[in-house]
Amino acid sequence: MSLRFYNTLTRQKEDFMPRDPGAVGMYVCGITAYDVCHVGHARSAVVFDVIYRYLKYRGYNVNFVKNFTDVDDKIIARAASQGLDIFQVSDRFIKKHNDDMDRLGVSRPTVTPKATENIKGMIRLISTLLEKGFAYSVEGDVYFSVESFPNYGRLSGRRLEDMEAGARVEIDERKRNPYDFALWKSSKEGEPWWDSPWGRGRPGWHIECSVMSQRYLGDTFDIHGGGEDLIFPHHENEIAQSEAATGKPFARYWIHNGFIKVDNEKMSKSLGNVCSIEEILEKYHPEVLRLFILQSHYRSYIDFTETSLQEARAGLERFYAVMKGIKDALSVDVDCSQIMPRNLSGLDHEIYEKIETLPERFVDSMDDDFNTARALGCLFDVVRLINGYFAELKSACSPESLFVLAAGRSTLKELGKVLGLLADDPDDYFIADRNREVLKRGLDVAAIESLIAERSEARTQKNWGRADEIRKSLAERGVILKDSPTETLWSVA
RNA sequence: GGCGGCAUAGCCAAGUGGUAAGGCAACGGUCUGCAAAACCGUUAUUCUCCGGUUCGAAUCCGGAUGCCGCCUCCA
């Protein structure tokens, strides 16, 4: 079996064969640093993080480049409106982005270059395009001529003639074709600028990715990714610039993630339904957001609602509950060092064997276009398996069964790690979850605990009426009680 | 106007020719003083509709309907 995934360029699933066996060069378009990151950025980041992690899990040496766009119209506008320079704006949002990503458990790419660190390379590339006749300069601006590049439109599946019929682009008299795009823009008064052969100016949006991918990954590299909205024009333009300049193929495989909708509407600033990562993480564990994202295939739309997050939270709780169960079972001091898998018998053997098949099923799912939804299904199967095993064991854990449980835990954790899940200690998870819910609902912990104490007292006196009354009143506030032989624990629904 | 996608149970969601994963929710059972959690069982004879291909289709083809995206900054 080998990894295969959907290539936007060919519109079909293809077997993945990197240029250099064992090594992968991957470039993903990062953010334009002019505002805080929202749930859509989170999806893209999590999806490519999982792809990155999975490639590494499959043994590839991955060089993962993700850029920051730190000069562009929106940054300039934001800086101007606040009386700042563009770096004050971009630095602030890059830092914020990194904080959000760290909290989400998104691993840092190998290299995270910034556009403004690559101005010289851009000027060099633009000069090459001018020399080769793919670009022209007008009054300090330089445009790429789309008609000079025969394959223009291949990635997005459109033809220039068709697009012109739509005629939704502004007509700029200085352009030879309405779809010609700026490689270099002359800077107006007050805008940031760099010296260039065409006068003081700043780069167009697309050129940076061509330059940075070439710099860190070479003329031709394996995977280029981003949100599906980038297919046109951004990625189309990157291909045109890069291939025109080098004469070589650019990215070999293109991966695009689908969008997030909010309450079934497109998320956009104008609709005012943009939800920042920070806001979500105030209300949910980061892995809840990851689970929500990974329960759908990366190319489909997903609808982001309060309900869907609650469901993801319930699912994650199922994972952590089994991890907690295993942790508690293993907290007894029993020596398992003499146990060999081949000596297991009966139920222990049966469960162990089933756990052993999990990585294979997981890989089968992930190999098929990074099918995280199916992979999660496999993990949930094992959760049910282990819970069933627990039920069979009652509380009589033999060294053999503890060995099996430990194996189950390490398999779940190992595969969870590929998805960026189950990284927390289960006790910490439940404590943090409860604290978060208490805050969210404005619950009074002292009052809850004093009611629980009163109920415990009632229970020792077998005053079941009073005990149940308290249980009911707490339940109305969302507080769920769990009685154990020694104590009463509580959580928030 | 051009290009493209999607339609699977109450909800979310896998499944691309061999007889419908998984999660949430609900109900019944076991356990429990009662609960919670967990386990077992039930919940789509059927995958928007109509035709076609095939021994066989949710899966392929044609058509209809509905929803959505891109073509303009956007993850």
Side-chain angles (χ1 to χ4, degrees), chain A residues 11 13 28-32 34-35 37-48 72-74 77 153 156-159 161-170 179 205 225-234 236 256-261 264-270 274 291-292 295-297 299-303 305 307-308 310-319 321-322 324-325 361 365 368 371-381 383-392 394 459 462-465 467-468 471-472 475 480-485 488-491 493:
Chain A
R11 287 177 184 69
K13 284 187 200 172
V28 173
C29 291
I31 59 157
T32 298
Y34 76 105
D35 205 349
C37 292
H38 52 66
V39 61
H41 295 106
R43 184 182 193 188
S44 186
V46 167
V47 162
F48 287 104
D72 113 312
D73 292 351
K74 291 189 294 294
S156 53
R158 40 190 105 206
R159 297 174 306 165
E161 308 89 83
D162 293 341
M163 293 196 293
E164 282 163 32
R168 277 181 63 179
V169 279
E170 282 177 45
Y179 285 93
W205 172 35
E228 65 175 1
D229 57 313
L230 297 179
I231 295 172
F232 189 90
H234 185 52
E236 197 69 73
H256 293 96
N257 66 276
F259 261 45
I260 281 191
K261 295 198 288 185
N264 212 31
E265 272 188 320
K266 181 175 170 166
M267 184 171 69
S268 74
K269 299 222 162 142
S270 55
V274 175
L291 183 62
F292 163 70
Q295 268 185 315
S296 301
H297 186 87
R299 273 188 285 117
S300 59
Y301 291 102
I302 48 180
D303 192 20
T305 63
T307 312
S308 55
Q310 279 296 350
E311 288 180 8
R313 173 174 170 250
L316 188 64
E317 211 166 285
R318 195 167 154 76
F319 278 124
V322 80
K324 164 88 173 137
R361 293 197 298 135
S365 303
D368 184 10
N371 196 330
T372 53
R374 206 164 88 202
L376 279 164
C378 300
L379 294 191
F380 276 114
D381 283 341
V383 169
R384 187 166 3 86
L385 184 75
I386 293 174
N387 279 330
Y389 184 49
F390 262 125
E392 284 294 320
K394 312 279 192 253
R459 288 182 72 220
K462 298 207 189 310
N463 183 352
W464 307 127
D468 290 348
R471 175 194 291 290
K472 197 176 163 214
I480 309 290
L481 301 183
K482 180 187 174 188
D483 294 323
S484 81
T488 295
L489 301 173
W490 64 279
S491 61

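Keep in mind that what you see is a predicted model, and the values were worked out from it rather than measured. To find a chain, count down the sequence lines: A is the first, B the second, and so on, and within it residues start at 1.
Counting heavy atoms from C-beta on, the side chains of A:L376 and A:F319 come closer than 4.5 Å. Side-chain contact between A:T307 and A:E311 is present, with heavy atoms from C-beta onward closer than 4.5 Å. You'll find the side chain of A:W205 stays beyond 4.5 Å of the side chain of A:D73, heavy atoms only. Residues A:R318 and A:R384 meet the side-chain proximity criterion, which asks for heavy atoms closer than 4.5 Å.
With both pairing distances under 3.5 Å, B:U46 is matched to nothing as a Watson-Crick or G-U wobble pair. Nucleotide B:C55: paired with B:G18 (Watson-Crick or G-U wobble, both distances less than 3.5 Å). Under the Watson-Crick and G-U wobble criteria, each requiring two contacts below 3.5 Å, nucleotide B:A9 is left unpaired. Look at B:C27: its Watson-Crick or wobble partner, with both distances under 3.5 angstrom, is B:G41. Remark: B:U72 base-pairs with no nucleotide in the shown strands. Criterion, Watson-Crick or G-U wobble with two distances under 3.5 Å.
A donor N or O paired with an acceptor N or O is found under 3.5 Å between the base of B:C34 and the side-chain atoms of A:D483.
When the C1' atom is used for both B:G4 and B:C40, the distance is 46 Å, rounded to whole Å. One C1' atom belongs to B:A21, the other to B:C12, and the distance between them is 14 Å to the nearest Å. Atom name C1', nucleotides B:U45 and B:A64: the rounded distance is 26 Å, in whole Å. Taking atom C1' on both nucleotides, B:U8 is separated from B:U46 by 9 Å, rounded to a whole Å. Between the C1' atoms of B:G41 and B:A7, the separation comes to 31 Å (whole Å). For B:A36 and B:G51, the P atoms lie 48 Å apart once the distance is rounded to whole Å.
As judged by a 4.0 angstrom heavy-atom cut-off over every strand, A:I480 is placed among residues touching the sugar-phosphate backbone only.
With rounding to whole Å, A:F232 atom CZ is found 18 Å from B:G5 atom P. Rounded to an integer number of Å, the gap from A:R11 CZ to B:C6 P is 13 Å. Taking atom CZ of residue A:R299 and atom C1' of nucleotide B:C6, one finds them 12 Å apart after rounding to whole Å. In this structure, A:R313 places its CZ atom 12 Å from P of B:A37, rounding to the nearest Å.
Atom CG of A:D468 is separated from atom CZ of A:R459 by 9.5 Å, given to the nearest 0.5 angstrom.
Here A:Y301 does not reach the OP1 or OP2 of B:A7: none of its side-chain N or O atoms lies under 4.0 Å away. For A:N387 and B:A37, the shortest distance from a side-chain N or O to OP1 or OP2 is not below 4.0 Å.
Between the side chain of A:R159 and the backbone N or O of A:G153, no donor-acceptor pair lies under 3.5 Å.
Of the two residues contacting RNA chain B, namely A:N371 and A:S308, the nearest-nucleotide position lying further toward the 5' end is that of A:S308.
Between A:S365 and A:N371, the side chains place no donor N or O within less than 3.5 Å of an acceptor N or O (distance only, hydrogens not considered).
A salt bridge links A:D368 to A:K13: one of the charged nitrogens lies within less than 4.0 Å of a carboxylate oxygen.
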Under 3.5 Å, N/O pairs linking protein and nucleotides 73-75 of chain B:
residue, atom, partner, partner atom, Å
B:C73, O2', A:K74, NZ, 2.4
B:C74, N3, A:K266, NZ, 3.2
B:A75, OP1, A:H41, NE2, 2.8
B:A75, O5', A:H41, NE2, 3.3
B:A75, O2', A:G227, N, 2.6
B:A75, N1, A:I260, N, 2.9
B:A75, N3, A:G40, O, 3.2

Where along nucleotides 21-28 of chain B does protein come under 4.0 Å, by heavy atom, of base (B) or sugar-phosphate alone (S), with - for untouched nucleotides?
BSBS----
